[in-house]
Amino acid sequence: MMMNKNFKQAGLSHEKLDSIALACGREKYTDDFRIDEPLFISFLYSDIASGLIKSINISRAEAADGVKAVLYYGNTPETLHTTAGQGFPEPSPYDCRMFDSKVRFVGDRIAAVAAETKKQADAALKLIDVKIEESEPLFDMEKAMDAGAPLIHTDDEYPAIPVTYKPEINLAAEVLISFGDIEKGLAEADTVIEDSYNMQYASHCATEPHAVAVYFDERGRMVIISATQVPFHVRRIVSMVCGIAIQNIRVIKPRVGGGFGGKQEVFLEQVAALTAWRLRRSVKIVLSRKEVFINARTRHAMRSRIRMGVKKTGEITALEVDDLMNAGAYGPHALTVLSNAGAKVLPLFNKIENLSFTGRSVYTNLPIGGAYRGYGATQGYFALNQHIDAAARYCGIDFLDYVKKWHIKSGETSAVFAALGEGKEGVSQYIKSCGLGDCIDLGAEAIGWAEKRGKKIRSGSKVRGVGAAVCMQGSGIPEIDMASCHIKMNEDGSFNLSTGATDIGTGSDTILAQIAAEAVGTSYDKFIVLSSDTDTTPFDTGAYASSTTYITGNAVKLCALKIRAQLEETAAEILSVEKSDIELSGGTARQILTSKKISYGELCAYRLYTSGQYQIQATQSFVAHESPPPFTAQFAEVEVDLETGELKLLELVAAVDCGLALNPILAEGQVEGAVLNGISYALTEEYLFNSKGRMVNPDYGHYKIFSIADMPKLKTIIVDSFEQTGPYGAKSIGEIALNGPAPAIANAVFDAAGIRLKDTPFTPEKVWKLLRKEV
Amino acid sequence: MKDMKWFFPDTLTEVDELLKNGYKAHGGGTFLVKTALNTDGLFDLSRIPQLKEFGISGGYISLGSALTYTKAAAVLESESAGNFMSKALSSAAACPLRNRITLGGSIYAAPKWSDLIGPLLASDASVRLSSSDKPSAVSDYLSDKKLRHSGIITEVIIPEANIAGGYYRFTQTHFDYPMFTITVSMRGNEDLSCCITGPASGPLVLKGKRAELLKSATALPDFNKERSLSGEYIKKRAEIEFVRLLNITGGNKNE
Amino acid sequence: MNNELNFSFTVNGREKTFCFPPEATLLTVLRDNGYTEVHNGCETGECGSCVVILNGVTVNSCMVLAASAMDGEILTVRALGDVHNPHPIQRAFAESGAVQCGFCTPGQILSAYALLTEKPSPSDEEIKQALDGNICRCTGYKKIIEAVKLSAVRMKGDDDE
Ligand SMILES: Cc1cc2nc3c(=O)[nH]c(=O)nc-3n(C[C@H](O)[C@H](O)[C@H](O)COP(=O)(O)OP(=O)(O)OC[C@H]3O[C@@H](n4cnc5c(N)ncnc54)[C@H](O)[C@@H]3O)c2cc1C
C-alpha cells in the first residue's frame, strides 16, 4: 500500500506534556486541591454478605461531634441506576441505588457520614445502630442459576436497553450467538478438544486511590473534581441520581493517578455531590487502599469452557465457547465485558463456520465487577490461546505456523463483528490493517523460538519452555462512542486545543497535540491542551474501550484540518494568490513560487485585527463506523522447577501492531505497563475470600502485585503498520497487551513441563499439584 | 486515644527513668505505627549515640539496637562479604522500610515474617539489655516475658564465626512477608546450625552434622495455610528448600 | 485539638514549625501543610508513593510517626528541581517515558536520588534494590530503569564539568 508517512509530528517520541510537572511534584491530583473547609465522608460497610436491614438508627451518629449528615437508604434518592460510566442509555442494568435496605456483599455500603474531620466521620460510623437479618449468601457462580439459589436482586431492577436480564435467576446478562451447526462440525472433526479455564477476581491497583472533591464556585454552581475516566458520564449520572440539573454541575478531571477501568465507575461522586448540595458545603471523599480493593470495582472472574472440533489438517470444524462470568453483587459492565469476551476474541480465527458463543453473567454476593483493561478479551484469550496451542499440537503443527495460517488478515472479515456489539448487534467491518504476521515473526526471533520451542532445556530440577499467545482488541466502540474537540488560534501561532478526552496518565493530551500539530503544520508544543472539564471542553465519552487515540484522534485531526483550511485561506488572501499556491508547514505559510513566507502568528493577527476579522477556530465531532483491531503476539520463556512447582518467567516479548505508533515511547509504555499487569495477574494477584465472603487480603502486602525487583526481562516490539482509517495511521494500544501474558506463560509451561495451567494465578502449589499428577 | 507524650532521651540513664514511668521505646516505628498506639508515651531511641554504634572485638560483632536493617546489613557485609545475615537484612521488606526498621524493634516485635529472627537464632546471637550487663541469648529473650519487659535491647551480639552460610526466604513476590525463612549457619567441618521460621509452632532451631540434618529436613513441623497456599504445600516446600540449602551451603567446598 | 505537638523540621531546606497530634504520621503532617507532592497510595508502607528523604535516606512517610522526625531534614521531590529548572533525574524520567500517571513518580525519583547520591553508577540489580519499595502500575518499570541509568550518566557528566 502506498502511504505518505512523511509525518513531521505523528510518529515522534515527544515528551509527555505533563511529565516534567509531574516529575517535579507540581501537578495536582484530586486530593491535592485546597478546598475551603470540606466535610469528609466515611462509609459504613456491611460485614454480612447477604441480608436485609431490619432497623437502622442514625440518631446517635447524627448527634456526634462534628457530624453534619448521615446518609442511608431512608434519606437518599431511590433512583435506580448503574455506576458504569458508559454511553447513555447504558448497556449495564439499573440495579443499584445510592443506598439500599439490602446488603449484597461484605463491603456493600450501608450509610455514609459527613463530618468536619475524617476522624469524626470514622468515629460516628460506630454509632450507627444497624440490625441486619442475614440470609443465605451465594458465592459460587456455577450455582447462581440453580433452582432455589439465593436471589441477589428481587426488586424493580431493570435493564436500560432491551436486553436479556433475568434477576429472578440471578442472570445479569446473557449473550448468545451462533453460526452454522456445532454438532455437525464436531462430528466432522478428527478430534474434539474440550476444557475449562478460570480467571480470578483482580484489582486495578491504580496507585492513586479513588477520590472526589466537591465545592461551590462564586456563583453557587457545584464543581466536582474527580479522579475519573469519564467526566461527562459523571455529570450525567450525578444529575440523574441526585436530581440536580446538569446546568448546575461542573466536573473537572485533574491529573489522575491511573485508572485501568477502575475509574470508569461513578460511585463516589453522587454521594459527595448530594451531601454538598444539601448542606451547601464542600465535601471530600478519598478512599483508603482497603476500600479500593473491596468497594471499588474489580476484574470479573470468568470461567470459559471450550469445545473445539479439529481436523488433522488444522481446520477447526466447530468452536463452542461457553463463558460464565461473575458479575458480583451488582452488574456494571456485566453485559459488555461478557460480550467482549466473544466480540474481541472470536474474530481472530475467522474461518470457523460452525461457531457458537454462550455467555452468561451472574450475580453473586461478592465484590462488584467492572471495567478492567482488556475488558473480557483478557479472559477470552486466556482460554482460546491454550486451546489453539492444544489444537496445533494435535495436528503436529508449530503454534506460530498454525496461527499464521488461520488468523484474520487484511481484507477479511468475521461474521462476529456484525453479530456482537455493546448490548446490541455489532458493526460489520473488514480488516484494513493486520500486522499480526510481523508480530509473530519478529517476536519469535526475539525470544529465540526456533532454538527453544520444544527443547525442554533442563538444569537440575528446572526445565525451560517457550510459549506464545496472539490477541486483538478494538479501537473504540463504533457508532456509539463520540468525541469532539475545539481548536482556536492565538496571534503568536499557538493554539488552544480543548477536548473532552480524559488523560489518566496515558499521554492522550500529548498525542492529541501531535495529531493536531501534524494536521495544522506546526510543532506539537504550540498546542496548549485543555482536557476533561465539562464547562470548558466539548463532550467525550471518556477514556475507555481503547478509544481515545482512534476516536478523539480522528476528531482532532478533522478539526485541525479545518484550521489548516482557514490558515490557507488567510495566507492566500494576504498574498493575493490562490489557496493552491500556498504551502503550510513548520508554522509558516509559504507561497510556493516566490517562497514568500508569513508566520502562522501573523496570519492569526491579520484575522484578529486587520481584515475580514474572525477567530481562527474550529470544532469537530467524530463517531467511528468501525473499530480497527490492534494485534499482538506475545512470547514467554519460563523455567519450571519440577520439584517445587516454582514458576519463573524469564522473559516476555510483546510485539504489537497498533497501526502507526503516534508516539513510540508512549506506545511502548502502554505495552510494558499492560504486560507487567498481565504477568502479575497470571502469577500472583488474587482475591482471597473467607467462608463468609469477606476479602481477606485487601492490601498490597497480601494482594501481590509486581515490583521492580520482580520484573522479568521485557521486550517490546512495535511493528510497522498503518491503519488508513486512523488518525495518521493509528489504532489503539491501551488495553491489548494485557491479554497476552497469562496464555503465553501457560503455553510456555506446557512446552516445558507438559501441564496445562487452566486457572490463574499460577501459584507454585497449583503447578506442583499438576506436576505430581503428571508423574 | 490517650494523650501520648514523646521523649527524646540521649542517654540510657534517661531511658531507665522513662521505662520506670511505663513509657515505650520507639525504634523505627514501623510496627508501632500499625499496631495500636495506646500508650502514655513513646521515647525515641534514634538520638542515643550508644545505640547506633557497632564494632567487632573478641570474635563478636556488636550492633547497636537502633541501627536500621540497611545500616546493619552494610556493617555486616563489610565485615564478612556474602554472609547470610546481611543477605537476609537486605532482602527484607523494601528499601524505604529497611532504612527505618531497627534491630531492637524487630527483635522485640519478632513478627512471624521476620527476616532477622531466623539468622539470629541460627547464629546463636545474644542481646544486651539496658537492665543487665550480661547478654541474654536471643532465644531466651524471645521466650522469657520477664526478660523482655526488664529493659530495652541496647546491643545485638553476633559471634563472628557463625554468620557464614546460607539464607532462603519464601515469598510470592520480592517485596513480601516471607512465609518461611531458612538459615544455615556453618560451624566448621560438617557442623551446622539452622533455623526455620514459619512453622505454626514457632521458629525451629536444628543443630548437627549435615548428614543428620538432611534426614530431619524432611520431617519439619506443620505450617499454617497462608493466602492461597496450603500448609501442606508450604511445609513440603520448606523441606525441599531446606535440603537444597543444606546441600549448597558450604557443600564439599573447602574454604 | 488537645495535646498537639509543636515540632520543627527542615523541609526542603526551610525550617518550619508544625503542629500535629502525637500519633500523626509524617505523611499526614506533610500533606496537611501543603506538601501534596507526597502522595498517599496505601498508608501501609507497601506502595512507596509517599516516599520522602529523611536525614539522607528514603522512608515511607506513612510509616514514620511525625514526632520521631523532630529536628529532622526532609526532602520532597520539590527540593530537587522545578519545572523551570528540573533536576537531571526529573529530566531523565520525563524524557525516558518513565512518567505515566505520575502518582508514584515523586517516590521513584527520590529513591533514585538517594541511590545515585550513594552509588553514582549503579548496576541494574542495585537500581532494583533501591527502588523495590516503589510500586508503579503504569510503566512496567522498564522505562524507570532506563531513566535511572540516563540520570546516572547525566549526573556524572555534570560532576566532570
Ligand atoms: C510493609 C512492611 C513490610 C515489612 N516486611 C518485613 C520483612 O519482609 N522482613 C522483616 O524482617 N521485617 C519486615 N517488616 C518489619 C517488621 O514488620 C516490624 O515492623 C519491624 O521489625 C519493627 O521494627 P521497628 O524498629 O520499626 O520497631 P518499632 O515499631 O519502633 O517497635 C516495635 C516494638 O518494639 C519495641 N522496641 C523498639 N525498640 C526496642 C528496643 N531497642 N528494645 C526493646 N524493645 C524495642 C517497641 O516498643 C514496640 O513495641 C515490615 C514492615 C512493614 C511496615
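Chain letters run A, B, ... following the sequence lines, proteins first, then strands; residues in each count from 1. Everything quoted here is computed from the prediction, not taken from an experiment.
Around CD of C/Glu126, the count of heavy atoms belonging to other residues, nucleotides or ligands within 6.0 Å exceeds 12. A 6.0 Å sphere centred on CG of C/Asn33 holds more than 12 heavy atoms belonging to other residues, nucleotides or ligands. Annotation for A/Lys284: atom NZ counts as buried by contact number, over 12 foreign heavy atoms lying within 6.0 Å. Within a 6.0 Å sphere centred on OH of C/Tyr113, heavy atoms belonging to other residues, nucleotides or ligands number 12 at most. Remark: C/Glu73 CD is loosely packed, at most 12 non-hydrogen atoms of other residues, nucleotides or ligands lying under 6.0 Å away. Summarising the local packing, CG of C/Asn6 is surrounded by more than 12 heavy atoms from other residues, nucleotides or ligands at distances under 6.0 Å.
For the pair A/Arg289 and C/Thr44, the minimum side-chain heavy-atom distance is 4.5 Å or more. With a 4.5 Å cut-off on side-chain heavy atoms, C/Thr139 and A/Glu672 do not count as touching. Using a 4.5 Å heavy-atom cutoff, the side chains of A/Lys713 and C/Lys142 are not in contact. C/Asn134 places none of its side-chain heavy atoms less than 4.5 Å from the side chain of A/Ile708.
Proximity to chain C is absent for every atom of A/Val675, based on heavy atoms less than 4.5 angstrom apart. For a residue to count as touching a neighbouring chain, one of its non-hydrogen atoms must lie under 4.5 Å from one of that chain's; by this rule A/Leu676 touches chain C with the side chain only. The part of C/Asp32 that comes within reach of chain A is its backbone (N, CA, C, O), which places non-hydrogen atoms under 4.5 angstrom from that chain. With a 4.5 angstrom heavy-atom cutoff, A/Ser288 does not touch chain C via any of its atoms. No part of C/Glu43 comes within reach of chain A, as not one of its non-hydrogen atoms sits under 4.5 angstrom from that chain. For A/Ile20, the parts lying near chain C are the backbone and the side chain together; criterion is any non-hydrogen pair under 4.5 Å. For a residue to count as touching a neighbouring chain, one of its non-hydrogen atoms must lie under 4.5 Å from one of that chain's; by this rule A/Asp710 does not touch chain C. Residue contact with chain C, scored on non-hydrogen atoms closer than 4.5 Å, is absent for A/Phe33. If you measure heavy-atom distances from C/Ser96 to chain A, the contacts under 4.5 Å come from the backbone alone.
Across all their heavy atoms, C/Ala94 and A/Glu15 have their closest contact at CB-OE2, 3.4 Å. Across all their heavy atoms, A/Phe260 and C/Cys138 have their closest contact at CZ-SG, 3.8 Å. Nearest heavy atoms, C/Lys143 versus A/Ile665: CE-O, 3.5 Å. Between A/Cys24 and C/Val83, the closest heavy-atom pair is SG-N, 3.8 Å. Taking all atoms of both residues into account, the shortest heavy-atom contact from C/His39 to A/Asp32 is NE2-OD2, 4.1 Å. Shown here for C/Val99 and A/Ser19, the closest heavy-atom pair between the two residues is CB-CB, 3.9 Å.
For chain A, the option among C/Cys104, C/Gly97, C/Cys47, C/Gly41 with the highest count of heavy-atom pairs below 4.5 Å is C/Gly41. Comparing A/Glu668, A/Lys290, A/His14 by how many heavy-atom pairs each has under 4.5 Å with chain C, the most go to A/Glu668. No other option in A/Gly507, A/Ala21, A/Ser13, A/Pro209 has as many heavy-atom pairs under 4.5 Å with chain C as A/Pro209. Interface remark: of the candidates A/Lys28, A/His204, A/Glu27, A/His204 forms the most heavy-atom pairs closer than 4.5 Å to chain C. For the set A/Asp18, A/Leu287, A/Asp31, the entry with the most heavy-atom pairs within less than 4.5 Å of chain C is A/Asp31. The choice from A/Ala674, A/Gly701, A/Ser680, A/Ala206 that makes the most heavy-atom pairs within less than 4.5 Å of chain C is A/Gly701. The most heavy-atom pairs under 4.5 Å with chain A, out of C/Asp82, C/Asp132, C/Leu80, C/Asn40, come from C/Asp82.
Residues of residues 105-112 of chain C lying within less than 4.5 angstrom of chain A, judged on heavy atoms, are C/Thr105, C/Pro106, C/Ile109 in numerical order.
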Give the C-alpha distance, both sets of side-chain angles, the deciding distance and a yes or no for salt bridge (charged side-chain N to carboxylate O under 4.0 Å, His left out) between C/Arg137 and A/Glu685. CA-CA 13 Å; C/Arg137 193 64 151 174; A/Glu685 297 181 30; 2.8 Å; yes
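A donor-acceptor pair under 3.5 Å is formed between the side chain of C/Gln100 and the backbone N or O of A/Gly669. Between the side chain of A/Tyr700 and the backbone N or O of C/Cys42 there is no donor-acceptor pair closer than 3.5 Å. Using a distance-only test at 3.5 Å, with no hydrogens or angles considered, a donor-acceptor pair links the side chain of C/Tyr141 to the main chain of A/Phe706. In terms of modelled atom types and a separation under 3.5 Å, the side chain of C/Gln90 and the main chain of A/Ala23 share a donor-acceptor contact.
When the salt bridge (Lys or Arg N to Asp or Glu O under 4.0 Å) test is applied to C/Lys128, no partner is found at least two apart in sequence or on another chain.
For the atom pair CG (A/Leu22) and SG (C/Cys101), the distance works out to 8.0 Å, reported to the nearest 0.5 Å.
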